[in-house]
Amino acid sequence: MESRKVVINDTTLRDGEQTAGVAFNWEEKLAIARSLAAVGVPEMEIGIPSMGPEECEIIAAIAALRLPSRLMVWGRMRESDLEAAKDCGAHLINLSIPVSDIQLQHKLRRDREWAVRTVNRMVRRALDSGMDVCVGAEDASRAAPDFLLKIAETAQRAGARRIRFADTLGLLDPISTFERIRRLVAAVDLEVEMHAHNDFGLATANTLVAIQAGASHVNTTVNGLGERAGNAALEETVMALHQLYQMQTGIDVRGFGAISELVARASGRPVAPNKSIVGEAVFTHEAGIHVDGLLKNVLNYQGVNPKDLGREHRLVLGKHSGTHAVIQRFRDLGIELNEIAAAQLLKRIRLHASQTKRAPSTAELMSFYRETVASGPIPNLPEPPELPIIRNQPSERHSQS
Ligand SMILES: CC(=O)SCCNC(=O)CCNC(=O)[C@H](O)C(C)(C)COP(=O)(O)OP(=O)(O)OC[C@H]1O[C@@H](n2cnc3c(N)ncnc32)[C@H](O)[C@@H]1OP(=O)(O)O
Ligand SMILES: O=C(O)CCC(=O)C(=O)O
């Protein structure tokens, strides 16, 4: 892809915190904001001033940090929400309005004409308060396409700088996302921001496709936190932009592990071991063919380079191991196995894995080895080393790159 820059507007502190049961305290909000700014996230949506004075104070405290990131707050298309937001110190306000008929009629009990009039009036009012304005087109994916364009044109005429396309229920697939965003980008001279939800597991894919269709801004959350199934994950979106499209975001991905842990702790939502990019297990390998391939040349089974994230490949022994992995592991422990011994030990390791559902520790491996030596003559099998060698090899981690 071309060297066009895309702006990440991370909404961990707004949509992320909307996850049912999540409530960040003051320190956690400040710490998350600081961490996002430290890795170079250029924009963040930090809260909802209309929630009341306490929320406004937290927002103002984040603003007082004078982070290098632009700060957005969220509000409804209401005077009261604008009033609440105007002294918080945010640079941008996202004024949200549902644009699907279902939500206009059955949530707000309004019609399309009301929506157009309201966007026109509220954007102008918001500009008077000195903030830049984004119009949040809620439920845009279920809106009549021509009506969405009318809202966007109205927003532009009134002076908004951006329109957010919200796939509020996560109903789009990549092809429909591409078509809708391309149409929106072609119709208006506004920044276009994609806000994707993950109800079908497509949030990151839809976000990437929106960028291909011309979106200038995208919303993400750390660990993909957010309403229901969450939003597009920051770490997935940024890594994919860098690696798959050679697009730059200015974000230092080496900080993702720490931010992920911080947000997991603060949200009480642990990260699944297989969660892309930041999951504990995403660079761990057991399968014999994979480990053999990695040992011969790491590129055989390396899609993402763990070093880019400050991590390492980790090899573990288990039910699916092969003899090459066993030989290498014992070599690391100072023992050169022959193939017969490796095959015997592999059997023992498989039995252990089936019984315990975990990798053997170093001490257990050494005990398997002693059992193997004791069990009968295996040509050229050395005596087990003395204990200091075991103590010198405490780590279960094997760096391969
Ligand atoms: C899709 C999204 O994520 S949108 C963001 C949603 N986020 C949140 O709701 C989290 C924070 N929310 C809150 O703290 C509260 O809901 C508040 C402070 C915003 C509002 O609280 P309350 O005034 O008690 O209203 P409540 O939440 O029960 O109902 C929502 C009201 O907002 C109205 N509303 C909803 N969206 C909009 C909108 N975009 N523009 C104008 N009004 C809206 C509803 O019609 C309803 O108004 P009504 O009382 O006239 O029927
Ligand atoms: O209107 C917006 O700003 C988008 C709100 C949102 O979080 C959503 O629709 O999923």
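Positions are given from 1, in the same order as the sequence printed here. Computed over heavy atoms, backbone and side chain alike; hydrogens, waters and symmetry mates excluded. When a ligand or atom number is given, it counts from 1 through the structure's own listing order.
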With Arg311 as the cation and Phe283 as the aromatic partner, state whether NZ or CZ is under 6.0 Å from the six-membered ring centre and within 45° of the axis. no

Is Ile289 atom CD1 crowded by more than 12 heavy atoms from other residues, nucleotides or ligands, each under 6.0 Å away? no

A student checking ligand 2 against Arg164 at a 4.0 Å heavy-atom cut-off should list atoms 2 (C), 3 (O), 4 (C)

Does the side chain of Glu193 come under 3.5 Å of the side chain of Asn219 through a donor N or O and an acceptor N or O? yes

Just one of Arg350, Glu286, His290 clears the side-chain hydrogen bond (donor to acceptor under 3.5 Å, both in side chains) bar with His320, so which one? Glu286

Quick one: which ligand 2 atoms are inside 4.0 Å of a heavy atom on Ala166? 4 (C), 8 (C), 9 (O)

Using a 4.0 Å cut-off to any heavy atom of His197, which atoms of ligand 2 qualify? 10 (O)

Counting non-hydrogen protein atoms only, what is the nearest one to atom 3 (O) of ligand 2? Give residue, atom name and distance. Asn94 ND2, 2.6 Å

Do His285 and Tyr301 have their ring centres less than 6.0 Å from each other? no

Keeping the roles fixed (side chain from Asp199, backbone from Ala229), state whether a donor-acceptor pair exists under 3.5 Å. no

Can you confirm whether the side chains of Arg14 and Gln18 place a donor and an acceptor under 3.5 Å from each other? yes

Contacts table for ligand 1: protein N or O within a distance under 3.5 Å of ligand N or O, distances only.
| from | atom 1 | to | atom 2 | distance (Å) |
| --- | --- | --- | --- | --- |
| ligand 1 | 3 (O) | Arg14 | NH1 | 3.4 |
| ligand 1 | 3 (O) | Gln18 | NE2 | 3.0 |
| ligand 1 | 7 (N) | Gln18 | OE1 | 3.1 |
| ligand 1 | 32 (O) | Arg76 | NH1 | 2.8 |
| ligand 1 | 39 (N) | Ser96 | O | 2.7 |
| ligand 1 | 40 (N) | Met77 | N | 3.4 |
| ligand 1 | 42 (N) | Arg78 | NE | 3.4 |
| ligand 1 | 47 (O) | Arg78 | NH2 | 3.0 |
| ligand 1 | 50 (O) | Arg78 | NH2 | 3.2 |

What are the atoms of ligand 2, with element, lying closer than 4.0 Å to any heavy atom of Glu138? 1 (O), 9 (O)

Just to check, does Arg14 reach to within less than 4.0 Å of ligand 2 when the distance is taken from its heavy atoms? yes

